[in-house]
Amino acid sequence: MYFPDEEVSFIGEEIAEAYDGWRIFFDGAKNFKGVGIRVVLVLEIGQHYSVSVKPRFSCTNNMVEYKACILGLRLAINMNIQELLVIRDSNLLVYQVLGEWATKNTKILSYLHCVQDLIKRFTKIEFKHVPRIQNEFTDALATLSSMIHHPDKNFIDPI
């Protein structure tokens, strides 16, 4: 899918005003048609880079959320981004990554450890929880990604 930068907008401009660097929005969706992940990196000038993938393994909703985060962090690392604001509407992921909530699910631990390892590659990284309404665009794209057939090269494997 192609979305020109000037046609893409996010609700919640207070996020843009509070952070001058790169921001990342991500979401995962799991439904009866499958699983989809969408990541949108936004530069301070408003330029958008987006990626959509479809995991080819069975996973829970929480695993999908972590995979979306991991994909976004890897994308930022590959683009040599050093400072990043990670924006997510999932309390669970944000507070587990920040160490404020315990991770009891053993299936999630490897994903959490992967995120923690990737975080070390940034000079500055912040995680911010926002209401779902402020992540609506990425949520809709993740749902769309879960429902369409992707070329084989857009699949990702489990950790």
Side-chain angles (χ1 to χ4, degrees), residues 1 3 8 10 15 19 21-31 33-43 47-132 134-159:
M1 271 190 221
F3 293 98
V8 177
F10 289 97
I15 294 170
Y19 197 81
W22 284 91
R23 292 162 292 150
I24 186 168
F25 296 79
F26 62 91
D27 203 356
K30 181 178 178 184
N31 56 42
K33 289 252 185 177
V35 178
I37 292 173
R38 186 62 166 202
V39 175
V40 180
L41 271 168
V42 183
L43 183 55
Q47 189 171 4
H48 296 69
Y49 299 90
S50 67
V51 176
S52 178
V53 296
K54 188 168 187 154
R56 58 176 162 182
F57 59 95
S58 178
C59 55
T60 66
N61 285 329
N62 291 334
M63 290 166 73
V64 173
E65 297 293 334
Y66 270 96
K67 273 307 249 188
C69 182
I70 290 165
L71 176 66
L73 294 177
R74 286 180 175 161
L75 178 62
I77 290 167
N78 288 341
M79 294 175 68
N80 294 318
I81 295 169
Q82 296 296 309
E83 297 183 6
L84 184 65
L85 174 61
V86 181
I87 302 165
R88 184 67 198 111
D89 62 16
S90 167
N91 278 330
L92 182 75
L93 184 141
V94 170
Y95 294 122
Q96 284 179 342
V97 169
L98 293 175
E100 295 177 22
W101 289 3
T103 307
K104 297 177 184 175
N105 185 335
T106 57
K107 290 181 181 179
I108 297 297
L109 282 175
S110 60
Y111 291 91
L112 175 61
H113 293 150
C114 183
V115 169
Q116 290 169 336
D117 287 342
L118 292 170
I119 287 171
K120 295 173 187 173
R121 309 260 313 261
F122 295 89
T123 56
K124 178 183 175 189
I125 188 166
E126 296 176 46
F127 282 77
K128 179 176 177 86
H129 176 261
V130 296
R132 186 166 300 265
Q134 291 181 347
N135 204 35
E136 212 169 39
F137 179 74
T138 313
D139 181 55
L141 293 175
T143 300
L144 180 62
S145 177
S146 72
M147 299 175 81
I148 61 174
H149 178 71
H150 288 261
D152 286 342
K153 65 183 179 180
N154 286 346
F155 280 94
I156 56 176
D157 294 312
I159 291 183

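Computation of the quantities below employed the complete heavy-atom set of this structure, encompassing side-chain atoms and omitting hydrogens, waters and symmetry-equivalent molecules. Numbers here are sequence positions counted from 1.
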Report yes or no: does Arg88 contribute a side-chain atom to a donor-acceptor pair with the main-chain N or O of Phe26 at less than 3.5 Å? yes
Search all heavy atoms of Ser50 against all heavy atoms of Arg38 and return the closest pair with its distance. OG-NH2, 3.1 Å
Qualifying residues under side chain to side chain contact (heavy atoms under 4.5 Å, CB included), relative to Thr123, sequence neighbours excluded: Gln82, Glu83
Which atoms form the tightest heavy-atom contact between Arg23 and Leu43, and what is the distance? NH2-O, 3.6 Å
Could you go through the side chain to side chain contact (heavy atoms under 4.5 Å, CB included) check for Asn105 and Leu109 one step at a time? CA-CA 7 Å; Asn105 185 335; Leu109 282 175; over 6 Å; no
Can you run down the salt bridge (charged side-chain N to carboxylate O under 4.0 Å, His left out) pairs that involve residues 94-119, sequence neighbours left out, and say none if there aren't any? Asp117-Lys120
Under-4.0 Å salt bridge between Glu126 and Lys124: yes
Would you check if Ile108 and Gln96 make a side-chain contact, meaning some heavy-atom pair closer than 4.5 Å? yes
What do you reckon, are the aromatic ring centroids of Tyr49 and Trp22 less than 6.0 Å apart? yes
State which residues pass side chain to side chain contact (heavy atoms under 4.5 Å, CB included) with Val115; sequence neighbours excluded, sorted by chain then number. Tyr66, Cys69, Ile70, Leu73, Val97, Ile119, Phe127
What's the spacing between Leu71 CG and Ile37 CD1 if we round to 0.5 Å? 6.5 Å
CD1 (Ile77) and CD1 (Ile81) are apart, to the nearest 0.5 Å, by 9.5 Å
To the nearest 0.5 Å, how far apart are CZ in Arg121 and CG in Asn78? 8.0 Å
Distance col, row Asn61:CG vs Leu93:CG, nearest 0.5 angstrom, shows 12.5 Å
Please step through side chain to side chain contact (heavy atoms under 4.5 Å, CB included) for the pair Leu85 and Lys128, ending with a clear verdict. CA-CA 7 Å; Leu85 174 61; Lys128 179 176 177 86; 4.0 Å; yes
Test: ring pair (Phe, Tyr, Trp, His ring centres under 6.0 Å). Region: residues 68-95. Which pairs qualify, not counting sequence neighbours? Tyr95-Trp101
Quick one: closest heavy-atom pair of Gly72 and Ile24, and the distance? CA-CD1, 3.2 Å
Under the side chain to side chain contact (heavy atoms under 4.5 Å, CB included) criterion, do Cys114 and Arg74 qualify, and how do the steps go? CA-CA 10 Å; Cys114 183; Arg74 286 180 175 161; 3.7 Å; yes
Going through the distances and angles, do Met79 and Leu41 end up as a side chain to side chain contact (heavy atoms under 4.5 Å, CB included)? CA-CA 10 Å; Met79 294 175 68; Leu41 271 168; 3.6 Å; yes
